[in-house]
There are 2 protein chains.
Amino acid sequence: MLELRHLRTLIALRDAGSLVEAAERVHLTQSALSHQLKDLEERLGSPLFERKTRPVTFTRAGQRLVELAEQVLPQVRMAERDLARLAGNEQGRLHMAIECHSCFQWLMPTMDHFRDHWPEVEVDIPGGHHFEPLDALPREQLDLVITADPQPLPGVHYEPLFRYQGLLAVSRHHPLAGQPFVSPASLAEETLITYPVEHARLDVFTQFLDPAGVTPREVRTAELTIMMMQLVASGRGVCALPNWALTEYLERDYVKAVALGEHGVWSTLFAAIREETRETPWMVDFLRTARETSFAVLEGIKPA
Amino acid sequence: MLELRHLRTLIALRDAGSLVEAAERVHLTQSALSHQLKDLEERLGSPLFERKTRPVTFTRAGQRLVELAEQVLPQVRMAERDLARLAGNEQGRLHMAIECHSCFQWLMPTMDHFRDHWPEVEVDIPGGHHFEPLDALPREQLDLVITADPQPLPGVHYEPLFRYQGLLAVSRHHPLAGQPFVSPASLAEETLITYPVEHARLDVFTQFLDPAGVTPREVRTAELTIMMMQLVASGRGVCALPNWALTEYLERDYVKAVALGEHGVWSTLFAAIREETRETPWMVDFLRTARETSFAVLEGIKPA
DNA sequence: GCATTGTCTTGAGAATCGTTCATGCTAATG
DNA sequence: CATTAGCATGAACGATTCTCAAGACAATGC
């Protein structure tokens, strides 16, 4: 008997293009999906997709099911949202802070979407703080902090949102531009541009340069991504940024990107929340919306 | 995680009004449903329906889910139909005969519905046979026979459709009219009206009178249900018919009905088909449509 | 030409989940 | 106050559905 599980799998498969990544998205093993889809195909009596192509291509039957899934799953999600609201019809507050400078890109659509569905929850990003955002969490001055480096704090829970890769942006004429990846040593003579935050909060250092004992020739800071890009494009330095923060500049061929090391530097972005708020319907829904929006808006990220 | 199974259960529950009967409809036990619904309610954090009323009443959350189910399940069924057609795009023939005289009531809507979805399958009820319908099945002169008494024949499979209760229709002024049920003996002095078919094919005899060794004073036949009703209403006899064949006359208070014996006489209606045609997509779909239509159109029947 | 990598398949075992069965509880009915 | 019908519950079972480990296959690189 057809179940929603199958439809969710098919959507993941279409979005991902391969069983391996689809499995990640639905939080199952690749093998599980293989079995699941094989079962389904046997029961239906016809194959659903062509496995030998990349991305996979759906047969007519597969297309029909994907179509069904696209009809049905949004309806299911809407119902679930309504139910969550019916279950806990409590007032809520969701004040948040962002430690990650380039998060507005997906956070804004998330907030818009969320506001539509939870009018009774007050969503805001209060400005002008003088304190550490994470410390404001247990003090109930904030309810959610987006951060890439979780620090153990009593009563604070870190909910992984997605994983992203740190890339090195270099000018199009830079000698490193053609390489598949760079070694830490090759940054020893470069000017590295970073956001003006502590050294310890920059993955380039903690995960890449520090372990190799390398220090760039010079480090300078810039507040905004666009400023960094201008500096990089004009050859006045290189800078490390999340892959998704770079996509628009890469598409316009403004700068080039190379991986940090052979395997790349991967980080996880977290939503830090108070333990008590972890199970509230609106928090559950916000996190889900956040994840969905990120995957829809950002390219090259992976499930946590 | 919400699954279609849950939605199917809820629809069954709404249609049935009680867990016990809902369980029958989805071919599960009452306990299974109790567990399933309890789980669901726990995960959603709110009850879905009030169990202490008859029929059960849904909470707001329950209503919302029923609404979802009504949106989604028809879409799923349509998709399944399309898939079945995509899987086996073979031509088919579906010629049938009805042994059960009052089956047109649900068979006609079933055929209409089926024709819309399977234009390539030729559906017909050929008339003017001189042979036994069941014998025509293996000879491929017919493809499906609706019957209430399955006889073992090589290559013939009997697919149960639904169970119904045989009731005794009596005039409104008949002494038996007030009783909850009648004993076989009380028919000894009655005129029994039947369809003009063999004695052995009438449940009143095989399941009720014969075992008790009772013979009615007189047996006369009538071709059509409406004629029988006229005879019964005017006090010229009593007749045994399926409950659903009587509902329209009962509603108009034209005749009264009483059960045959303390526990009633229950029969099962079957679709007799050839083994080879049993798995073909259109046969599977026809049987499903037949069952769905029967339950929608007829009252007082139960799943086989 | 042969290792390497990434992807999908397969089969067996394991875990999980749902179902069954037996029983107990509650409310309505006579 | 017995009786019946409907629902809940818990233990044991059973069947899906997953994970794990191994293998096939194709594309890619040395």
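The figures here come from the full heavy-atom set of this structure, side chains too, leaving out hydrogens, waters and symmetry mates. Order of the sequence lines fixes the chain letters, A, B, ..., with proteins taken first and strands second; residue numbering starts at 1 for each chain.
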Under 4.0 Å, heavy atoms only, any strand: does [X] hit a base, just the sugar-phosphate, or nothing?
X     : result
B:L28 : sugar-phosphate
A:K38 : sugar-phosphate
A:D39 : nothing

What's the separation between atom CZ in A:R291 and atom CD1 in A:I301, rounded to the nearest 0.5 Å?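 With rounding to 0.5 Å, CZ (A:R291) is 11.0 Å from CD1 (A:I301).
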Of B:H35 and A:Q36, whose closest DNA chain D nucleotide lies nearer the 5' terminus? B:H35
Select from A:A32 and A:K52 the residue whose nearest nucleotide in DNA chain D is closer to the 5' end of that strand.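 Comparing both residues, the 5'-ward one is A:A32.
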Whole Å only: how far is the CZ atom of A:R51 from the P atom of D:dA24?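 The distance from CZ of A:R51 to P of D:dA24 comes to 19 Å, rounded to the nearest Å.
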Per the atom types in the model, does the base of D:dC20 pair as donor or acceptor with the side chain of A:S31 at under 3.5 Å? yes
Would you please classify the geometry between the B:Y158 ring and the B:F270 ring as parallel, tilted or perpendicular, with 30° and 60° separating the classes? perpendicular
Would the number of heavy atoms belonging to other residues, nucleotides or ligands and lying under 6.0 Å from CZ of B:R43 be above 12?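 Result for CZ/B:R43: enclosed.
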Quick check on A:R163: does its CZ atom have over 12 non-hydrogen neighbours (other residues, nucleotides or ligands) under 6.0 Å away? yes
Going 5' to 3' along DNA chain C, which are the first and last nucleotides with any atom under 4.0 Å from a heavy atom of chain B? C:dG18 to C:dC21
Test log, rule salt bridge (charged side-chain N to carboxylate O under 4.0 Å, His left out), inputs B:E275 and B:R278: CA-CA 5 Å; B:E275 285 287 3; B:R278 187 174 166 188; 3.6 Å; yes
Can you check whether B:S34 has a side-chain N or O nearer than 4.0 Å to OP1 or OP2 of D:dC7? no
Whether B:Q30 contacts D:dG6 is assessed here as follows: a side-chain N or O lying under 4.0 Å from the phosphate OP1 or OP2. Is that the case? no
Between A:R64 and A:E67, is the salt bridge (charged side-chain N to carboxylate O under 4.0 Å, His left out) condition met? List the steps. CA-CA 5 Å; A:R64 183 64 185 83; A:E67 189 187 310; 3.8 Å; yes
Who pairs with A:Q207 by side-chain contact (heavy atoms from CB on, under 4.5 Å), at least two apart in sequence or on another chain? A:D203, A:V265, A:S267
Run the numbers on B:E292 and B:R81 for salt bridge (charged side-chain N to carboxylate O under 4.0 Å, His left out), then give the verdict. CA-CA 14 Å; B:E292 276 173 16; B:R81 223 183 291 274; 5.1 Å; no
Give me the residues of residues 5-18 of chain A where at least one heavy atom lies under 4.0 Å from an atom of DNA chain D, by number, or none. A:R5
Could you walk me through whether B:L40 and B:L65 satisfy the side-chain contact (heavy atoms from CB on, under 4.5 Å) test, starting with their C-alpha distance in whole Å, then the side-chain angles of each, then the deciding distance to 0.1 Å, before giving a yes or no? CA-CA 11 Å; B:L40 191 58; B:L65 272 189; 4.3 Å; yes
